[in-house]
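A quick write-up on the structure given underneath.
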Amino acid sequence: MAVTLDPQLLEILACPSPDHAPLTPGTQDDPAADALTCTSCGRTYPVRDGIPVLLLDEATPPTDGERDSRDEPSSDGA
Ligand SMILES: [Zn+2]
């Protein structure tokens with residue numbers, strides 16, 4: 001199911017990272033995903049029960065190989 005968010009709400013929502021860029025429904029790979037993707041940094045934020053979780057801790061970093069493939073995938077260790 002695609003995210004069905006009020007367009008006005010989407011205009012208000014912004015990426016919590018310093019870019020504060022607008023968000024677009026879905027992900028780069030799946031426009032129908034329950035998620036919001038930042039149009040600037042490419043982070044993907046989950047939408048739970050119709051509520052966007054705009055937390056950097058919850059964000060999924062953009063997949064490499066799309067735009068800037070220079071970034072080495074950072075190790076997910078502690
Ligand atoms: Zn962003």
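Atoms within a ligand are numbered from 1 in the order they appear, just like the ligands themselves. Residue numbers run from 1 in the order of the sequence given.
- For the Zn ion (ligand 1), the count of nearby protein N, O or S atoms, meaning those under 2.8 Å away, is 5.
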Let me have the donor-acceptor pairs involving side chains of residues 42-53, under 3.5 Å, with sequence neighbours excluded, atom names and distances please.
unit_1 : atom_1 : unit_2 : atom_2 : d
Arg48  : NH2    : Glu58  : OE1    : 2.9

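- Here the shortest heavy-atom pairing between Thr37 and Thr27 reads OG1-CA, 3.2 Å.
- Considering only heavy atoms from C-beta on, Leu13 comes within 4.5 Å of Leu54 through its side chain.
- Listed by chain and residue number, nothing satisfies the side chain to side chain contact (heavy atoms under 4.5 Å, CB included) test with Ala14 (two or more places apart in sequence, or in another chain).
- In this structure the side chain of Pro62 never reaches within 4.5 angstrom of the side chain of Cys41, judged on heavy atoms.
- Under the side chain to side chain donor-acceptor pair (under 3.5 Å) criterion, the residue pairs touching residues 9-19 are Ser17-Asp19, with sequence neighbours excluded.
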